[in-house]
Asks: 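Can you keep this structure in mind? I'll have questions shortly.
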Amino acid sequence: MLIHREEFPDNTVTQAKWLLGKLVVRHTDAGLMIGRIVETEAYLHDDEAAHSFRGMTPRNRSLFLEKGHAYVYIAYGVSMMLNVSAGKAGVGTGVLLRALDPVSGIELMEKNRGIAKLRDLTRGPGRLAQAFAIDLSLQGLDLCRKGELWLAKDGHKVGKIGASKRIGITKNADPLLRFFVKDNPFVSGPGALNR
DNA sequence: AGTGCGATTGACT
DNA sequence: GTCAATCGCACTA
């Protein structure tokens, strides 16, 4: 069921952990896809690694929206990244979704990715965005309303949560701001299996 | 107007 | 394990 905005934690780190186990629902003309979040990273408002660190720009403005909106950007000119904004309106902070456990619509994800290997469909931020047909047209979308893309919860129990340094960044790389569900095969990078 | 740099991925040794 | 492709965007002048 749909998640209301008041249910989102106010703190970005808390939200990054809280999003684990929640569902991403994507509705397109081609069909419905659902995935369970198993890996996230927190980007704080005073965080040198965050796109918002040097203030609002045309690219990062969605990060400054109230918690529960989509911030989409292109990494390395090729991969789409999906973030969930956090905190109050005007504060540039959010959570990057790094991996999903496919729940429904797997055939459509395979079509979008151009491959059929289940574990590679949504393991990694660029891959999950491609599988779910995430693009800049979803920029700033309210994820607390049913539409093309929204967030949902169910009765699922989340397993043990691990933490690590964030992946692929050089600035402010030390804090443990990456969170993942332990022993889930769809987690990218360190911690995917017993470690 | 020009430059440098990534919150990655996929191909290859 | 290593490494290059690739391009939008922020920054400098």
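Every chain is numbered from 1 and lettered A, B, ... according to where its sequence line falls, protein lines coming before strand lines. Keep in mind that what you see is a predicted model, and the values were worked out from it rather than measured. Both backbone and side-chain heavy atoms feed into the values below; hydrogens, waters and symmetry mates do not.
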Asks: Measure OH/A:Tyr73 against P/B:dC5 and give the value in whole Å, please.
Replies: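 So the two atoms are 18 Å apart, to the nearest Å.
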Asks: May I have the distance from A:Asn172 (atom CG) to B:dA7 (atom P), rounded to whole angstrom?
Replies: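 The answer, rounded to whole Å, is 12 Å.
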Asks: Heavy-atom nearest nucleotide on DNA chain B for A:Gly94 versus A:Arg127: which residue maps closer to 5'?
Replies: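 Per heavy-atom nearest nucleotide, the more 5' residue is A:Gly94.
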Asks: Answer yes or no on whether A:Arg98 is positioned over the face of A:Phe180, meaning its NZ or CZ is under 6.0 Å from the six-membered ring centre and within 45° of the axis.
Replies: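 That pair does not qualify as a cation-pi contact.
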Asks: What integer distance in Å separates A:Leu128:CG from B:dA7:P?
Replies: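 Atom-to-atom, A:Leu128 to B:dA7, this comes out as 17 Å.
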Asks: Is there a side-chain contact between A:Thr57 and the phosphate of C:dA10, meaning an N or O under 4.0 Å from OP1 or OP2?
Replies: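 A:Thr57 to C:dA10 OP1/OP2: side-chain N or O found under 4.0 Å.
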Asks: For A:Asp120 and B:dT8, what is the distance between atoms CG and P respectively, to the nearest whole Å?
Replies: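 A:Asp120 atom CG is separated from B:dT8 atom P by 16 Å.
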Asks: Counting only side-chain N and O atoms of A:Arg113, is one of them less than 4.0 Å from OP1 or OP2 of B:dT9?
Replies: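 False: A:Arg113 side-chain N/O out of range (4.0 Å or more) of B:dT9 OP1/OP2.
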Asks: Expressed in angstrom and rounded to an integer, what is the separation of A:Phe179 atom CZ from B:dA7 atom P?
Replies: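 Between P of B:dA7 and CZ of A:Phe179: 18 Å.
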Asks: To the nearest 0.5 Å, what is the distance between CG on A:Asp154 and CG on A:Leu23?
Replies: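 Here the interatomic distance stands at 4.5 Å.
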Asks: Return the pairing partner of C:dT6 with a 3.5 Å limit on both distances, Watson-Crick or G-U wobble; otherwise return none.
Replies: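 With both distances under 3.5 Å required, C:dT6 matches none.
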Asks: Would you mind telling me which residue lines up with the more 5' stretch of DNA chain C, A:Asn60 or A:Gly77, judged by nearest nucleotide?
Replies: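 This one resolves to A:Gly77.
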Asks: Tell me which nucleotide among C:dA10, B:dG6, B:dA7 gets nearest to the side chain of A:Pro58.
Replies: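 When the side chain of A:Pro58 is considered, C:dA10 is the closest of C:dA10, B:dG6, B:dA7.
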Asks: Could you check which of B:dT9, C:dC9, C:dT6 has an atom nearest any side-chain atom of A:Arg59?
Replies: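 Closest nucleotide among those given: C:dC9.
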Asks: To the nearest angstrom, how far is A:Ile74 atom CD1 from C:dC9 atom P?
Replies: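 Distance, rounded to whole Å: 6 Å.
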Asks: Of all the choices, B:dT8, B:dG10, B:dA7, which nucleotide is nearest to the side chain of A:Asn83 once you look at every atom?
Replies: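 Closest of the options to the side chain of A:Asn83: B:dA7.
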Asks: Could you check how far CG of A:Leu96 sits from P of B:dA7, rounded to whole Å?
Replies: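 Interatomic distance, CG of A:Leu96 to P of B:dA7: 10 Å.
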Asks: Kindly say if A:Arg123 contacts the phosphate of B:dT9, meaning a side-chain N or O under 4.0 Å from OP1 or OP2.
Replies: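 So the side-chain polar atoms of A:Arg123 never come under 4.0 Å of the phosphate oxygens OP1 or OP2 of B:dT9.
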Asks: Identify whether any heavy atom of A:Arg166 sits under 4.0 Å from a base atom; if not, whether one sits that close to sugar-phosphate; answer base, sugar-phosphate or nothing.
Replies: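 The residue A:Arg166 makes no contact with any strand.
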Asks: Report the relative orientation of the aromatic rings in A:His51 and A:Tyr73; use parallel for angles under 30°, tilted for 30 to 60°, perpendicular for over 60°.
Replies: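 Judged by the thresholds at 30° and 60°, the geometry between A:His51 and A:Tyr73 is perpendicular.
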Asks: Using Watson-Crick or G-U wobble geometry with both distances under 3.5 Å, which nucleotide pairs with B:dA7?
Replies: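 Pairing partner, where one exists within any strand: none, as none qualifies.
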Asks: From the set C:dG8, C:dA10, B:dT8, return the single nucleotide nearest to any side-chain atom of A:Ile167.
Replies: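 The closest nucleotide is B:dT8.
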Asks: Return yes when atom NZ of A:Lys153 has more than 12 non-hydrogen atoms of other residues, nucleotides or ligands closer than 6.0 Å, and no otherwise.
Replies: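 Atom NZ in A:Lys153 is packed in, count exceeds 12.
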Asks: What closest approach, in Å, do A:Lys17 and A:Ile161 show between heavy atoms, and which atom pair accounts for it?
Replies: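 Closest heavy-atom pair between A:Lys17 and A:Ile161: O-CD1, 4.3 Å.
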Asks: As a test of reading the structure: which of B:dT9, C:dC11, B:dA7 is closest to the side chain of A:His51, going by heavy atoms?
Replies: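 Of all the options, the side chain of A:His51 is nearest to B:dA7.
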Asks: Rounded to the nearest angstrom, tell me the gap between atom NZ in A:Lys117 and atom C1' in B:dG10.
Replies: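 My rounded result for the distance is 12 Å.
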Asks: Find the distance between CG (A:Leu108) and CZ (A:Phe132) and round it off to the nearest 0.5 Å.
Replies: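 Output value for this atom pair is 9.0 Å.
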